[in-house]
Chemist: 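There's a structure below that I have some questions on.
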Amino acid sequence: MPELPEVQTIAAGVNARVRGDRITSVWLGSKKEPFKTPASQMQSGLGGRKILEVRRVGKHIVVDLGSQNPSGDRGKTVQAQWIVHLGMTGRLLVSSPEAEKAPHTHATVELRSGKELRFVDPRRFGRLAYYELGQNEAFKGTGDEPLTVTPTRFVDIFKGRKTPIKAALLNQKLLQGVGNIYADESLFRAGIRPRRMAGRLTHAELEKLRVALQTVLREAIALGGSSVSDYVDADGVKGFFQLEHRVYLRTGEPCLACGETIRRILIGGRGTHFCPTCQR
DNA sequence: CATTTCACCTGGTGGC
DNA sequence: TGCCACCAGGTGAAAT
């Protein structure tokens, strides 16, 4: 489910429902797979902490946590962070304890209010991590944020790159948050072929791409993201941006702009959809 | 270092 | 109905 608009939607929904709550206990399923931090360390570290805020960084959900001591967190100092990456099929759900546990539930976080945060992920590509912020820096992610990147910076990011622009858009060390759907959709709106070498795009083309990308991401956030199969937000509500897709998963269908047949190719092993007429 | 390929997983879909 | 190939929102390690 998760590219920037979906992660943004989920983080905002979870934030609205658990901000200010306190973690009472943590259950972690399979002891290894999804955990970048040892399960025992994550479990004891999370226990007792107050949830200060839930937000998005790239494709990560960042849960800012206060003190484990109930009387010691009147300040809003972030002392630890729980990082949730949803992979391809991950979900972060706010549930009531009596709600049936979905298959592939790998973590359950119980809260003082009685609610539960549940991490569900059939394909197990998602990851959980826990960091304490001593001298360590707060989690920043790996690249520039697509929604706020400036024109100059956007040009710099792709300068000299010999990789196809589609692959560069998916590289989280360059821009963080763009995935397969929004890469294809933004390239269509910018009229750029996905195989074009990133470093050979003109400044004008790159600026067109930057604006297209930001427009697509903002529209998708406004519609709650794209529900391609079973994606739902924290409240179990589907997104509607899939209805606005112009090329993604439309192989063989007519281009909505010119009628040409939408083609599908592989770039970096990812299905890539484009209109051969509209995109040059 | 930059780039490319592939393994990691489960589940849904469509052809035969 | 069953079986099989193929496809899917993403990374990160290994090879080139």
Chemist: Just grab all the salt bridge (charged side-chain N to carboxylate O under 4.0 Å, His left out) pairs involving residues 165-177 of chain A, residues at least two apart or on different chains.
Modeler: A:Lys166-A:Asp184
Chemist: In terms of the angle between their ring planes, are A:His104 and A:His106 parallel, tilted or perpendicular, with boundaries placed at 30° and 60°?
Modeler: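 Taking A:His106 first and then A:His104, their aromatic rings sit tilted (interplane angle of 30° to 60°).
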Chemist: Taking the C1' atom of each, how far is B:dG12 from C:dT11, in whole Å?
Modeler: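 After rounding to an integer number of Å, I get 22 Å for this pair.
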Chemist: Once you round it to whole Å, what is the distance between C1' of C:dT11 and CG of A:Asp121?
Modeler: 12 Å
Chemist: Considering residues at least two apart in sequence or located in another chain, which fulfil the side-chain contact (heavy atoms from CB on, under 4.5 Å) criterion with A:Ala102?
Modeler: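 Applying side-chain contact (heavy atoms from CB on, under 4.5 Å) to A:Ala102 gives A:Thr105, A:Val120.
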Chemist: Considering residues at least two apart in sequence or located in another chain, which fulfil the side-chain contact (heavy atoms from CB on, under 4.5 Å) criterion with A:Ser96?
Modeler: A:Glu98, A:Ala99
Chemist: Could I get the full list of side-chain contact (heavy atoms from CB on, under 4.5 Å) partners for A:Arg189, not counting sequence neighbours?
Modeler: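 Testing A:Arg189 for side-chain contact (heavy atoms from CB on, under 4.5 Å), a comparison that skips the adjacent residues, returns A:Ala212, A:Thr215, A:Val216, A:Glu219, A:Phe241, A:Arg246.
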Chemist: Would you mind reading off the distance between A:Ile265 atom CD1 and C:dC7 atom C1', rounded to a whole angstrom?
Modeler: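 The answer, rounded to whole Å, is 16 Å.
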Chemist: Once each nucleotide of nucleotides 10-16 of chain B is scored for protein heavy atoms under 4.0 Å, what B/S/- sequence comes out, 5' to 3'?
Modeler: BS-----
Chemist: Whole-Å distance between C:dA8 P and A:His245 NE2?
Modeler: 13 Å
Chemist: Would you call A:Glu205 and A:Arg196 a salt bridge, taking side-chain N to carboxylate O under 4.0 Å as the test?
Modeler: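 Salt bridge: yes.
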Chemist: Quick check: closest heavy atoms across A:Ile165 and A:Arg193, and the distance to 0.1 Å?
Modeler: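 For A:Ile165 versus A:Arg193, the nearest heavy atoms are CG2-O, 3.6 Å.
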Chemist: By ring-ring contact (aromatic ring centres under 6.0 Å, His included), which residues pair with A:Phe154, not counting sequence neighbours?
Modeler: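 Result, ring-ring contact (aromatic ring centres under 6.0 Å, His included) vs A:Phe154: A:Phe158.
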Chemist: Starting at CD of A:Glu3 and ending at P of C:dG9, how long is that distance when rounded to a whole Å?
Modeler: 8 Å
Chemist: Does a donor on one side chain sit under 3.5 Å from an acceptor on the other, for A:Thr108 and A:Glu116?
Modeler: no
Chemist: Using whole Å, what does the distance between atom P of nucleotide C:dA8 and atom CZ of A:Arg270 come to?
Modeler: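 Going from CZ in A:Arg270 over to P in C:dA8 covers 8 Å.
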Chemist: Quick one: name the residues clustered hydrophobically with A:Val57, using the 4.5 Å side-chain heavy-atom rule over I, L, V, M, F, W, Y, and just say none if it's on its own.
Modeler: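 In the cluster with A:Val57 are A:Val62, A:Ile83, A:Tyr131, A:Phe139.
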Chemist: Using atom names, set out every protein N or O paired with an N or O of nucleotides 13-16 of chain C below 3.5 Å, distance rounded to 0.1 Å.
Modeler:
none

Chemist: Without decimals, in angstroms, what is the distance between A:Asp184 CG and C:dG9 P?
Modeler: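 Whole-Å distance recorded here is 9 Å.
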Chemist: Which Ile, Leu, Val, Met, Phe, Trp or Tyr residues join A:Leu256 in one cluster when any pair of side-chain heavy atoms under 4.5 Å counts as a link?
Modeler: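 Via sub-4.5 Å side-chain contacts, A:Leu256 links to none.
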Chemist: Starting at the 5' end of DNA chain B, write a dot or bracket for each base, bracketing those in Watson-Crick or G-U wobble pairs whose two distances are under 3.5 Å and using | for partners on another strand.
Modeler: .|||||||.|||||||
Chemist: What is the distance, to the nearest angstrom, from the CG atom on A:Leu249 to the C1' atom on C:dA8?
Modeler: 8 Å
Chemist: Give one of base, sugar-phosphate or nothing for A:Tyr248, where a contact means two heavy atoms less than 4.0 Å apart.
Modeler: sugar-phosphate
Chemist: Do the side-chain N and O atoms of A:Tyr130 and A:Arg49 include a donor-acceptor pair separated by under 3.5 angstrom?
Modeler: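 The answer is yes; a qualifying pair exists.
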Chemist: Grab the CD1-C1' distance between A:Ile61 and C:dG10 for me, whole Å please.
Modeler: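 Those two atoms, CD1 and C1', are 14 Å apart.
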Chemist: Hey, is A:Arg124 close enough to A:Asp121 for a salt bridge, meaning N to O under 4.0 Å?
Modeler: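 Salt bridge absent between A:Arg124 and A:Asp121.
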Chemist: Partners of A:Ala12 by side-chain contact (heavy atoms from CB on, under 4.5 Å), sequence neighbours excluded?
Modeler: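 side-chain contact (heavy atoms from CB on, under 4.5 Å) check on A:Ala12 returns nothing, list empty.
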Chemist: Hey, is A:Phe125 doing a stacking thing with C:dT11, by the 5.5 Å centroid and 30° angle criteria?
Modeler: no
Chemist: Can you tell me if the side-chain N/O atoms of A:Gln172 get under 4.0 Å from OP1 or OP2 in C:dG10?
Modeler: no
Chemist: Does OP1 or OP2 of C:dG10 have a side-chain N or O of A:Lys59 closer than 4.0 Å?
Modeler: yes
Chemist: Show me the protein contacts with nucleotides 2-6 of chain B, counting only N or O atoms at under 3.5 Å.
Modeler:
| unit_1 | atom_1 | unit_2 | atom_2 | d |
| --- | --- | --- | --- | --- |
| B:dT3 | OP1 | A:Lys162 | N | 2.6 |
| B:dT3 | OP2 | A:Arg161 | NH1 | 3.1 |
| B:dT4 | OP2 | A:Thr163 | OG1 | 2.9 |

